[in-house]
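Okay, so here's the structure we're looking at.
Nothing here was measured: the structure is a model prediction, and the numbers come from that model. Letters A, B, ... are given to chains in the order of the sequence lines, protein chains preceding strands, and every chain is numbered from 1.
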Amino acid sequence: MEKLIFEISSPGRKGYSLPKLDVPDADIKSLIPQECLRKDGPDLPEVSELDCVRHFTRLSQLNYSIDTNFYPLGSCTMKYNPKINEKMASLPQFTGLHPYQPETSVQGMLEVLYETEQALCKICGMDAFTLQPAAGAHGELTGMLIVRAYHTSKGNARKKVIIPDSAHGTNPASAALCGYEVVTVKSDKAGRIDLEALKSVMSEEVAVLMLTNPNTLGLFEKNVKEIADIVHKAGALLYLDGANLNALLGVARPGDMGFDVCHVNLHKTFSTPHGGGGPGAGPVGVKAILADFLPIPRIKQKRNKLSFDYDAKKSIGRVRAFYGNTGVIIKAYCYMRSLGADGLKDATLEAVLNANYLKAKLKKDYMLAVDGEPCMHEFVLTGKDKKEFGVKTLDIAKRLLDYGYYAPTVYFPLIVEEAIMIEPTETESKETLDAFAETMIKIAAEARSDPLLLTGAPHITPVRRLDEVLAARELNLRWKKPGA
Amino acid sequence: MKYSPHTDKDKKEMLAAIGAASPEDLFGAIPKEFRLQKLDLPEGISELELKKLIFEKTGKNYSTQKLDSFLGGGAYEHYIPQAVESLISRGEFLTAYTPYQAEASQGTLQAIYEYQSLICELTGMDVANASMYDGASALAEAVMLAVRETGRNRVIFSSSLHPEYRQVMKTYFEGYKIEFVEIPHAGGLFDEAALKREANDSTACVIVQNPNFFGCIEKADKIEAICHSCGALLIACVNPVSLGILKAPGGYNADIAVGEGQPLGIPLSFGGPYLGFFAVKEKHMRKMPGRVAGMTKDIEGKRGFVLTMQAREQHIRREKATSNICSNEGLMALAACVHLSLLGKEGMKEVARQNVLKSHYLKDKILKLSGFELMFEAPFFNEFVVRCGKETDKITGDLLKHGMIGGLPLGRFRADMKNCMLICVTETKSKDDLDRFAELLGKH
């Protein structure tokens with residue numbers, strides 16, 4: 001067990017140095033009224049630099065990560081995060097730029113942003129992109145606000161957003177945050193939208209249909225053209241949740257399929273690291289009819305100079321301060337330039353190859369949620385047949401940790417009982433996939449022969465199975481000074 | 001460059017195992033009419049060529065490391081100890097996902113718990129979440145909480161609030177019937193008399209930014225009294241570095257404290273990635289947005305950490321969630337956690353003191369120059385507004401030629417502040433830097 005940083009604190013220890021004060025010293029009370037000052041300094045830890053370095057290094061070693069473990073987390077596209085991209089994004093000529101510097105002094109930065117917008121337009125078949133949203137769900141919110149602004153400009157904001165029951169939870173949450181009523185539409189066993197069900201809920205009240213394609217079962221929505229027609233006929237728009245774009249690079253473009261607006265996750269498809277929960281970036285692309293509604297500022301090119309345009313009368317406004325997670329965008333730009341047109345397509349081809357290969361290796365020992373057709377970049381198993389041994393999907397997930405694998409996404413999508421969602425990504429080798437498959441098969445055998453091994457798992461991780469009920473019942477969300 | 005490892009032999013064997021003739025066979029579900037021939041993008045390049053390409057770009061940037069910058073206005077240049085970058089660049093932190101499998105993510109989870117604790121200490125609040133996108137979106141979500149908690153729809157703030165924060169807030173509430181009341185500032189501060197008139201029993205919250213956009217330190221106690229007398233929630237939007245010496249939001253009884261965490265060990269990076277911090281009084285915690293880590297025990301009784309209070313979140317509650325946030329700014333929260341640990345109790349105090357003393361030193365120097373006057377008399381922390389004798393763009397243009405980025409011209413935000421400049425001084429400037437800046441300004 002690693003102590004808390006507060007528990008290794010000792011009064012008087014220092015882990016920093018500052019230049020000696022070289023302007024005249026003064027009593028702060030002579031400059032700022034006493035009632036504005038705090039009585040006691042914040043009770044922060046006092047540690048040496050080495051104490052601090054060891055503490056956080058040891059903490060890091062308690063994590064599984066892409067750099068150390070296979071991480072087949074479905075829907076999250078945990079591909080390799082190239083080291084050179086980290087280095088490039090951390091150059092001081094990027095990290096040292098203040099967002100309010102004169103535009104003439106940041107032309108290189110603006111070029112990266114502008115070219116990234118252009119490249120995303122070409123990859124997605126869209127006409128304009130904003131890089132402002134900080135994450136996928138932030139992109140969804142931006143997209144919903146654009147949809148609302150579009151309909152409002154037509155005289156009626158409309159009331160409803162249709163979302164399939166197989167969608168990510170962020171979809172309904174984003175639509176609701178934007179003030180829309182969420183209408184859930186049933187999907188079939190393959191997670192595909194039931195066209196008749198869609199027709200029955202479609203009306204002039206509907207603002208947009210939010211669709212994930214490939215869907216969350218890893219299957220392409222074959223009827224996307226028919227879906228787009230139904231949606232557009234009612235005057236509504238079609239939104240793509242681009243979480244699964246890794247299946248489409250260079251193969252097909254959302255814009256060509258009838259999507260009017262989409263977000264992409266740079267921290268999934270374009271290889272920027274997840275950082276244990278961000279920062280990500282969720283750029284939003286739109287067709288020309290929606291371009292005027294994009295957030296401000298927009299980057300404009302005039303006579304070979306790039307600048308920000310704040311003048312957009314129809315714009316939804318801003319969804320954050322400044323311009324976006326530029327540090328993340330630089331890495332995605334590096335990735336797109338490194339791979340290029342053919343490399344991006346190869347990434348998709350091999351991501352799909354890897355998913356199908358792993359699926360073929362596992363289908364004898366695990367039930368597939370959908371059988372009989374190739375999957376795209378990911379596939380879903382169901383652990384329901386293991387229940388007869390007293391083993392749940394959660395137990396399989398925890399047992400995988402013992403073997404040094406991060407667990408797949410579990411219990412999602414909600415339409416599959418005991419779901420296990422596996423996305424290997426293109427950067428994993430055949431050897432890694434073979435070894436993972438062998439382990440999964442071994443666990444299936446363990447479920448039959450020794451289920452307690454699974455229900456008691458994990459056994460060799462830094463901590464054993466943690467009590468989430470206790471955590472929720474006796475909330476302990478912060479350290480408090482003993483006696484305080 | 002490509003990062004997929006397959007040899008032709010691998011691919012052949014894998015296709016055989018699948019029972020497909022070529023990778024293209026696997027895409028049969030995509031209708032032919034949608035299949036793309038070729039992406040209209042340049043061909044891929046080697047790592048060496050990428051470096052050259054990026055150096056070409058960075059060659060067109062003039063960073064604050066080369067120039068002396070006096071810009072603030074929501075993004076601040078502070079010294080970041082090297083250990084912060086070294087630790088957060090570790091692959092085990094950098095390339096992990098949101099800690100869904102707690103037993104394999106204890107490093108991230110314990111760091112979030114420590115971060116939450118540090119934010120609580122700093123702000124004087126009870127509970128903090130694991131992070132939001134940035135200060136502005138954190139403020140918008142704080143207003144959302146206040147509106148839902150009170151069932152009221154009137155939101156009051158001063159024109160001294162950062163203009164981009166105001167824009168973000170208004171964007172977020174496009175689909176709601178919210179009455180935003182912007183009270184013109186009085187001498188750079190929240191106009192208390194006007195607040196008294198405007199605050200009523202339909203007021204959901206009063207937002208006080210402290211120090212505010214003009215750098216002025218608000219009389220938070222007075223605002224608090226008016227706000228709470230009508231049952232509204234007080235939202236404090238604060239600069240975390242100022243809390244080394246300024247009274248914390250908990251000290252003036254704020255209900256929600258939010259702010260931009262960038263000054264806590266995160267580089268300027270042209271505006272992102274940054275860090276929204278979000279902390280509340282305990283009674284509001286179940287309406288809080290975002291992830292929260294909590295302490296618990298494993299089956300052997302050993303201490304460990306998990307994500308908790310998840311019944312508020314989108315993956316459980318879907319359209320009924322308190323927020324749609326999923327990915328947040330985890331690595332930036334870790335940076336803040338390491339930074340605050342290194343600076344500690346004394347370091348935060350000392351940094352804050354230096355900011356006050358150095359900014360006041362420069363203010364005194366500038367006031368001695370002819371043609372410059374201080375816009376507001378209110379006390380300030382590390383930035384202040386100066387009215388100049390001539391157009392600010394001209395001045396900043398000249399300064400840039402001398403390797404300096406002057407203050408932030410405020411004309412771009414407010415027509416009535418055309419000749420005004422917001423000047424920020426942090427511990428990164430030496431007395432010589434300040435003297436040189438004042439000397440150059442004096443030539444205008």
Side-chain angles (χ1 to χ4, degrees), chain A residues 15-16 22-23 32 44 46 56 59-60 62-67 88 93 95-99 105 107-108 134-135 137 169 172-174 176 179 182 220 250 252 275-280 317-318 321-322 325-327 338 340-341 343 349-350 357 374 426 429-430 461 463-464 471 476 478-479, chain B residues 1 4-5 10 14 23 26 29 34 39 41 43-44 54 57-58 60-65 71 87 90-92 95-96 98 103-104 106-108 117 133 136 164 167 171 175 267 269-273 294-296 298 304 308 314-315 318-319 321 324 327 329-331 342 344-345 347 361 431:
Chain A
Y16 72 97
D22 56 358
V23 300
I32 298 173
L44 302 175
E46 295 171 87
F56 286 103
L59 281 186
S60 77
L62 305 179
N63 274 358
Y64 288 21
S65 65
I66 301 178
D67 278 5
M88 295 297 98
Q93 293 86 353
T95 58
L97 299 180
H98 191 286
S105 69
Q107 285 295 307
S174 300
V182 174
F220 191 84
R318 281 179 173 280
F322 311 120
N325 279 351
T326 54
S338 292
L349 295 182
E350 294 181 28
Y357 178 66
E426 71 279 9
S429 67
K430 180 171 173 293
T461 41
V463 289
R464 299 283 305 277
N476 177 342
R478 60 172 292 196
W479 173 85
Chain B
M1 183 67 193
S4 45
D10 292 335
M14 293 168 79
L26 303 171
F34 298 140
L39 270 177
L41 287 177
E43 284 312 312
I54 294 297
K57 305 286 184 205
T58 52
K60 298 177 195 170
N61 293 335
Y62 302 94
S63 109
T64 51
Q65 304 215 332
L71 288 172
L87 288 166
R90 289 186 64 88
E92 300 93 326
T95 72
T98 302
E103 296 84 357
Q106 283 300 292
T108 294
S117 306
Y133 306 133
E164 294 194 11
Q167 287 176 333
T171 303
S269 290
F270 203 53
M295 192 187 278
T296 185
D298 74 359
T308 193
Q314 46 77 25
H315 60 287
R318 299 175 80 85
E319 66 267 28
N324 70 334
S327 282
E329 302 293 301
L331 199 73
L342 285 168
K345 197 174 176 171
Y361 173 80
K431 179 173 171 294

Is there a donor-acceptor pair closer than 3.5 Å between any side-chain N or O of [X] and the backbone N or O of [Y]?
| X | Y | answer |
| --- | --- | --- |
| Thr95(B) | Asp67(A) | yes |
| Thr171(B) | Arg318(A) | yes |
| Asn63(A) | Glu92(B) | yes |

Heavy-atom pairs under 4.5 Å with chain B, option from [options] with the top count:
| options | result |
| --- | --- |
| Ser338(A), Ser429(A), Ala135(A) | Ser338(A) |
| Gly340(A), Gly277(A), Gly250(A) | Gly277(A) |
| Pro172(A), Gly179(A), Ala252(A), Gly343(A) | Pro172(A) |
| Gly280(A), Ala321(A), Ala176(A) | Ala321(A) |
| Asn325(A), Leu62(A), Leu349(A) | Asn325(A) |
| His98(A), Glu426(A), Met88(A) | His98(A) |

Chain A: which of [options] shares the most heavy-atom pairs with it under 4.5 Å?
| options | value |
| --- | --- |
| Ala29(B), Pro273(B), Pro23(B) | Pro273(B) |
| Gly294(B), Ala96(B), Gly304(B) | Ala96(B) |
| Gln106(B), Lys60(B), Arg318(B), Glu43(B) | Arg318(B) |
| Thr108(B), Thr98(B), Leu342(B), Ile54(B) | Leu342(B) |

Identify which part of [X] has an atom lying under 4.5 Å from any heavy atom of chain A, answering side chain, backbone, both or neither.
| X | value |
| --- | --- |
| Thr308(B) | side chain |
| Phe270(B) | both |
| Leu87(B) | side chain |
| Ala136(B) | side chain |

For the CD atom of Gln314(B) and the OG atom of Ser174(A), what is their distance to the nearest 0.5 Å?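 The distance works out to 8.0 Å.
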Between atom NZ of Lys57(B) and atom CD of Gln107(A), what is the distance when rounded to the nearest 0.5 Å?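 Taking NZ in Lys57(B) and CD in Gln107(A), the distance rounds to 10.5 Å.
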Which atom names give the shortest non-hydrogen contact between Asp10(B) and Lys430(A), and what distance separates them?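 Reported closest heavy-atom pair: OD1-CD, 4.0 Å.
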Shortest non-hydrogen contact from Phe322(A) toward Glu164(B):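 Minimum heavy-atom contact is N-OE1, 2.7 Å.
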So, Gln93(A) versus Thr58(B): side-chain donor-acceptor pair below 3.5 Å or not?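 Note: Gln93(A) and Thr58(B) side chains miss the donor-acceptor criterion.
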